[in-house]
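Reviewing the structure listed below.
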Number of protein chains: 2
Amino acid sequence: MRADAQRNYDLIVTAASEAIARDGAYASLEEIARSAGVGSATLHRHFPTRWSLLQAVFGGCVRNLAARAGDLLAAPDALDALTTWLHEVTAYATTTRGLADSLLNEPAQESDTCGATLVAAGEPLLRRAVDEGSVRPDITMADLMILANGISLAAQPMGAAKAEQLLTLALQGIGSADRRESVDKGS
Amino acid sequence: MRADAQRNYDLIVTAASEAIARDGAYASLEEIARSAGVGSATLHRHFPTRWSLLQAVFGGCVRNLAARAGDLLAAPDALDALTTWLHEVTAYATTTRGLADSLLNEPAQESDTCGATLVAAGEPLLRRAVDEGSVRPDITMADLMILANGISLAAQPMGAAKAEQLLTLALQGIGSADRRESVDKGS
DNA sequence: TACGATACGGGGGACCACCCCATTTCTGCA
DNA sequence: TGCAGAAATGGGGTGGTCCCCCGTATCGTA
């Protein structure tokens with residue numbers, strides 16, 4: 001890759017991060033190019049689709065979350081590790097403007113997407129919890145990611161606290177007949 | 001309202017229904033006006049915002065769902081009635097293109113929105129289930145609607161079956177230690 | 001230094017939301 | 001019935017978007 005191309009690539013990603021943080025995942029590409037100081041054609045050459053740009057912007061966050069999942073594999077309680085990670089993902093997706101849209105609307109065909117990375121990273125956490133017997137075996141990580149994502153997206157206007165509350169609700173269920181004793185542990 | 005204005009109003013809503021069913025909630029307003037046979041200015045005069053148009057399009061469905069909630073108040077099992085209704089809402093929102101977006105992105109300030117109507121309609125169902133003791137009392141109908149909506153939105157690409165599965169999951173929780181005996185009732 | 005490959009960006013086409021205002025259409029009243 | 005004025009209409013303009021073509025400038029190498 002030529003030096004100037006690399007330079008422009010970085011300029012675009014930086015400008016896109018700011019614009020997306022301000023305006024969401026559908027920020028104007030034209031304006032991103034403008035504020036990066038490059039022509040719009042350059043932006044489209046580096047990132048043929050909007051999602052390729054979003055992927056570049058959020059790749060770092062996603063890798064961090066994936067690494068965090070690896071760390072949590074060492075935690076003593078498997079169920080706790082899983083729920084903790086899901087909460088962190090949800091909080092991040094709710095707080096970071098554009099991330100939830102980005103994860104949800106990325107084309108499902110692609111294999112190297114942010115969503116796929118997170119699912120792969122969370123899979124061991126889920127498997128461990130299932131093996132331990134604390135999570136139903138018919139649940140898949142993909143299901144949980146869709147759930148977390150949907151909650152992030154739908155609760156975005158209400159803020160991260162609401163999103164986390166709803167995630168807790170979804171993980172515990174709505175029933176009252178047999179509330180787990182661990183319910184009150186968190187707060 | 002003048003007769004021709006009413007006529008155009010209806011033409012626009014009809015055309016919008018088709019366009020939104022085909023292209024989603026962000027269908028081109030220009031094309032809706034074109035296929036309705038009116039000028040785009042007429043569309044904008046009748047519906048100043050995109051959400052006002054969506055509200056007109058989906059008002060009927062929403063009223064049906066609200067009425068259905070009223071009917072279910074007569075069902076014997078309160079928890080069953082609540083979950084049945086939530087499933088119907090989710091199925092409808094997942095199947096009907098644009099409805100989920102419409103419910104989620106409508107401005108929260110307005111009072112007469114589709115979302116508020118559904119929340120109000122579901123409230124008695126929830127209250128009955130809480131009074132019966134089968135649902136935790138700290139849950140609000142607004143929370144459940146956000147949950148159902150988020151699931152509809154996130155699972156849309158996978159189809160209504162996936163959405164309903166995820167709703168079941170969210171209502172029951174992920175735990176396996178104390179699975180309700182009613183789990184196997186549905187299927 | 002000179003050359004070929006590579007990247008750049010101005011500008012244009014197609015589309016969109018939204019608005020102004022001259023014109024047409026309707027309706028209540030005589 | 002006929003008419004005046006209110007009400008609704010829609011063509012066309014503005015400013016914005018995405019996306020792409022292609023002549024030009026820049027880079028890396030020999």
Side-chain angles (χ1 to χ4, degrees), chain A residues 1-58 97-98 101-102 104-107 109-110 113, chain B residues 1-58 97-99 101-107 109-110 113:
Chain A
M1 194 174 198
R2 245 169 66 172
D4 56 343
Q6 178 68 53
R7 207 173 54 87
N8 280 332
Y9 182 100
D10 295 341
L11 283 172
I12 290 170
V13 171
T14 302
S17 299
E18 294 169 10
I20 289 168
R22 191 176 54 247
D23 302 331
Y26 293 94
S28 158
L29 299 178
E30 203 94 3
E31 194 196 303
I32 290 172
R34 219 177 299 131
S35 79
V38 305
S40 64
T42 299
L43 188 150
H44 281 92
R45 198 168 330 101
H46 281 292
F47 305 101
T49 74
R50 175 169 231 110
W51 287 278
S52 59
L53 176 57
L54 288 168
Q55 212 164 314
V57 167
F58 292 124
R97 283 208 68 176
D101 291 273
S102 178
L104 187 55
N105 291 46
E106 66 188 359
Q109 265 72 312
E110 306 287 325
T113 61
Chain B
M1 195 175 196
R2 245 169 66 170
D4 56 343
Q6 179 68 53
R7 207 174 52 88
N8 280 332
Y9 182 99
D10 294 341
L11 283 172
I12 291 170
V13 171
T14 302
S17 298
E18 294 168 9
I20 288 169
R22 191 175 56 246
D23 302 330
Y26 292 95
S28 157
L29 299 178
E30 203 95 3
E31 193 196 304
I32 290 172
R34 219 176 300 131
S35 78
V38 305
S40 65
T42 299
L43 187 150
H44 281 93
R45 197 169 331 100
H46 281 294
F47 305 101
T49 73
R50 175 168 231 111
W51 311 116
S52 59
L53 176 56
L54 289 167
Q55 211 165 317
V57 168
F58 293 123
R97 284 207 66 174
L99 218 194
D101 292 273
S102 179
L103 288 172
L104 186 54
N105 292 46
E106 66 188 2
Q109 266 72 313
E110 305 289 323
T113 61

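Since we're looking at a predicted model, the values are computed, not measured. Order of the sequence lines fixes the chain letters, A, B, ..., with proteins taken first and strands second; residue numbering starts at 1 for each chain.
- A heavy-atom distance below 4.5 Å is found between the side chains of B:Leu29 and B:His44.
- Closest approach of B:Ala27 and B:Ala19 over heavy atoms only: CB-O, 3.9 Å.
- Out of D:dG10, C:dA17, C:dA7, the shortest distance to the side chain of B:Glu30 is found at C:dA17.
- Put simply, NE2 on B:His46 is 15 Å from P on C:dC19, counting in whole angstrom units.
- Residue-to-nucleotide contacts include no donor-acceptor pair under 3.5 Å from the side chain of B:Arg2 to the base of C:dT27.
- A sub-4.0 Å separation between OP1 or OP2 of D:dA8 and a side-chain N or O of B:Thr42 is absent.
- For B:Tyr9 and D:dA7, the OH to C1' distance is 18 Å, given to the nearest whole Å.
- Here C:dC8 is the nucleotide among C:dC8, C:dG11, C:dC18 with the atom lying nearest to any side-chain atom of A:Asp4.
- Residue B:Ile32 contributes atom CD1, which lies 11 Å from atom P of C:dC16 at whole-angstrom precision.
- Residue contacts for A:Arg7: at a heavy-atom cut-off of 4.0 Å it reaches no nucleic acid atom on any strand shown.
- If A:Val38 and B:Ala3 are placed on DNA chain C by their nearest nucleotide, the residue sitting closer to the 5' end is A:Val38.
- Within the 4.5 Å cutoff, the side chain of B:Phe58 has no heavy atoms near those of the B:Leu103 side chain.
- Distance, A:Leu11 CG to C:dG9 P: 10 Å, rounded to whole Å.
- Residue A:Asn8 places no side-chain N or O under 4.0 Å from the OP1 or OP2 atom of C:dA7.
- A:Ala5 comes within contact range of the sugar-phosphate backbone alone, with a heavy-atom separation under 4.0 Å but no base atom that close.
- At least one side-chain heavy atom of A:Leu53 sits under 4.5 Å from a side-chain heavy atom of A:Ile12.
- In this structure, A:Arg34 reaches the sugar-phosphate backbone alone: every heavy-atom distance under 4.0 Å involves primed, P, OP1 or OP2 atoms, never a base.
- Nearest nucleotide to the side chain of B:Arg45, out of C:dC8, D:dT9, D:dC20: D:dT9.
- Judged by closest nucleotide on DNA chain C, A:Gly37 is the one of A:Gly37 and B:Met1 placed further toward the 5' end.
- At the phosphate of D:dT9, neither OP1 nor OP2 sits under 4.0 Å from any side-chain N or O atom of B:His44.
- Residue B:Ser40 places its side chain closer to C:dC19 than to any other of C:dC19, D:dC18, C:dG9.
- Between D:dT17 and A:Ser28, a contact under 4.0 Å exists linking OP1 or OP2 to a side-chain N or O.
- Side-chain atoms of B:Phe47 and B:Val57, non-hydrogen and from C-beta on, never get closer than 4.5 Å to each other.
- Nucleotide C:dA7 holds its P atom 15 Å from the CG atom of A:Leu43, rounded to whole Å.
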